[in-house]
Number of protein chains: 2
Amino acid sequence: MAYSQLLLSNQLCFRFYALERELMAAYRPLLDHLGLTYAQYITMLYLWENETGTVGELCSALSLDTGTMSPLLKRLEASSLIERKRLPSDERTVMVSLTAKGRELEQKAITIPDHIASCLLSNNKDEQGRKFQLLREMLDETLEQLKETRKEREKGRH
Amino acid sequence: MAYSQLLLSNQLCFRFYALERELMAAYRPLLDHLGLTYAQYITMLYLWENETGTVGELCSALSLDTGTMSPLLKRLEASSLIERKRLPSDERTVMVSLTAKGRELEQKAITIPDHIASCLLSNNKDEQGRKFQLLREMLDETLEQLKETRKEREKGRH
DNA sequence: TCCTGTTCTATTGCGTACAATATAACAGAC
DNA sequence: GTCTGTTATATTGTACGCAATAGAACAGGA
């Protein structure tokens with residue numbers, strides 16, 4: 001027999017894990033229509049917002065590893081949505097920027113947030129709106145707490 | 001310039017995405033100690049709780065695809081933590097069960113939930129306890145809503 | 001200039017995650 | 001018993017996600 005803390009039904013983290021994948025499943029048909037994966041989508045979100053960015057800035061903003069970002073950017077470049085150019089001032093740095101085609105794609109994406117919201121919301125939208133505001137705050141707090149704990153852990157190892 | 005709904009900072013889903021990976025990062029050093037990944041860990045959680053299960057039951061309980069579960073179980077079997085046997089009564093069905101070694105591993109795992117909780121909690125633990133109760137409820141509601149929407153979407157396609 | 005250490009990106013290897021497909025075993029109709 | 005359709009699992013191919021490593025470019029000191 002299992003210890004109660006190890007029961008799946010008691011695990012907050014399993015809920016996050018399952019919810020994240022269910023969310024991705026909600027995005028998938030919408031993003032298929034744009035020819036993007038979710039990781040590629042948030043990369044485009046960053047670029048629609050900032051026009052350009054280095055690989056490091058993208059990794060940092062999206063909390064992604066270079067081992068994920070590097071091939072992802074190559075695929076976006078292969079789709080002609082972005083360009084990659086090394087800076088003349090520092091040949092180590094790769095600057096990523098939108099192509100015309102990449103900029104145009106934003107028009108196709110603007111309906112996505114509303115569509116996802118309709119998957120998340122049920123009946124009484126007003127109450128739900130307040131609830132999601134609260135949820136967002138709790139997620140931000142939790143994320144901040146996790147990052148802090150992680151930093152301390154990593155500091156302790158040096 | 002980007003549309004406000006497409007701003008990363010406004011996206012609830014990006015928070016889930018980032019939080020899920022930060023959570024996995026918190027688990028990783030603990031699970032490394034057991035020689036498990038998170039997906040393998042929740043599979044073991046299921047088996048510690050239920051002793052046995054078919055591949056389909058595991059997939060359903062953990063919301064995982066057979067394409068994920070099948071090789072995962074092979075790795076757990078290679079680590080001698082589980083056994084896989086086809087049922088004599090129905091040769092299509094594979095029954096998964098714990099080995100003695102797999103059952104023993106639970107002892108090493110019982111400290112993990114407390115450790116993760118300490119990564120999630122900050123100062124005033126009492127208030128945080130209530131907060132996480134609320135968070136859990138909201139995650140359950142959201143997950144339920146997403147699954148329902150998904151079912152309707154899939155029903156609509158047939 | 002040469003050496004050393006750092007920074008920035010890319011690559012490799014392993015383990016998910018999932019769509020699509022394959023395969024074997026079963027169940028029922030005839 | 002054979003055919004047909006269904007069920008349960010496995011396999012293949014693509015794309016993350018991340019640790020570890022590699023490699024090129026830069027910065028500063030002797």
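Order of the sequence lines sets the chain letters (A, B, ...), proteins ahead of strands, with each chain counted from 1.
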Atom-to-atom span, CD of B:Glu91 to P of C:dA27 - whole angstrom: 12 Å
Gap between atoms CZ and C1', on B:Arg86 and C:dT23 respectively (whole Å): 10 Å
Any A:Arg103 side-chain heavy atom under 4.5 Å of A:Glu51 side chain: yes
Give me the distances for all protein-to-nucleotides 12-16 of chain C N/O pairs that come in under 3.5 Å?
residue	atom	partner	partner atom	Å
C:dT16	OP1	B:Thr37	OG1	2.3
C:dT16	OP2	B:Gln40	NE2	2.6
C:dT16	OP2	B:Arg75	NE	3.3

5' to 3' contact window, DNA chain D with chain B (heavy-atom distance under 4.0 Å): D:dT7 to D:dA19
Results of side-chain contact (heavy atoms from CB on, under 4.5 Å) for A:Arg84 - residues two or more places apart only: A:Leu73, A:Lys74, A:Glu77, A:Ile82, A:Val94, A:Val96
Distance in angstrom units between A:Lys74 NZ and C:dT9 C1', rounded: 10 Å
cation_pi(B:Arg21, B:Tyr17) dist<6.0 Å, angle<=45: yes
Rounded distance in Å - CG (B:Asp65) to P (C:dT21): 14 Å
Rounded distance (Å) that lies between atom C1' of C:dA22 and atom CZ of B:Arg92: 16 Å
For a quick test of your reading: what N or O donor-acceptor pairs under 3.5 Å do the side chains of residues 62-71 of chain B make, sequence neighbours left out?
residue	atom	partner	partner atom	Å
B:Asp65	OD2	B:Gly67	N	2.8

Nearest-angstrom distance from the residue atom OH of A:Tyr27 to C1' of C:dC18: 19 Å
Residue whose nearest DNA chain D nucleotide is more 5′ - A:Asp90 or B:Arg28: B:Arg28
With B:Arg75 via salt bridge (charged side-chain N to carboxylate O under 4.0 Å, His left out) - residues at least two apart: none
Worked check of side-chain hydrogen bond (donor to acceptor under 3.5 Å, both in side chains) between B:Gln145 and B:Glu141: CA-CA 6 Å; B:Gln145 181 63 34; B:Glu141 278 177 34; over 6 Å; no
Within one Ile-Leu-Val-Met-Phe-Trp-Tyr cluster: B:Ile112 and A:Leu12, side-chain cutoff 4.5 Å: yes
Protein-nucleotide distance (B:Arg150, atom CZ; C:dA19, atom C1'), rounded to Å: 12 Å
Using residues 22-31 of chain B as the side-chain source, report each donor-acceptor pair under 3.5 Å to any protein atom, sequence neighbours left out, with the distance given to one decimal.
residue	atom	partner	partner atom	Å
B:Glu22	OE1	A:Arg150	NH1	3.4
B:Glu22	OE2	A:Arg150	NH1	3.0

Hydrophobic cluster identity match, A:Ile110 and A:Tyr38, side-chain contacts under 4.5 Å: yes
Sugar-phosphate only, base, or nothing, as touched by A:Thr66 at under 4.0 Å among non-hydrogen atoms: base
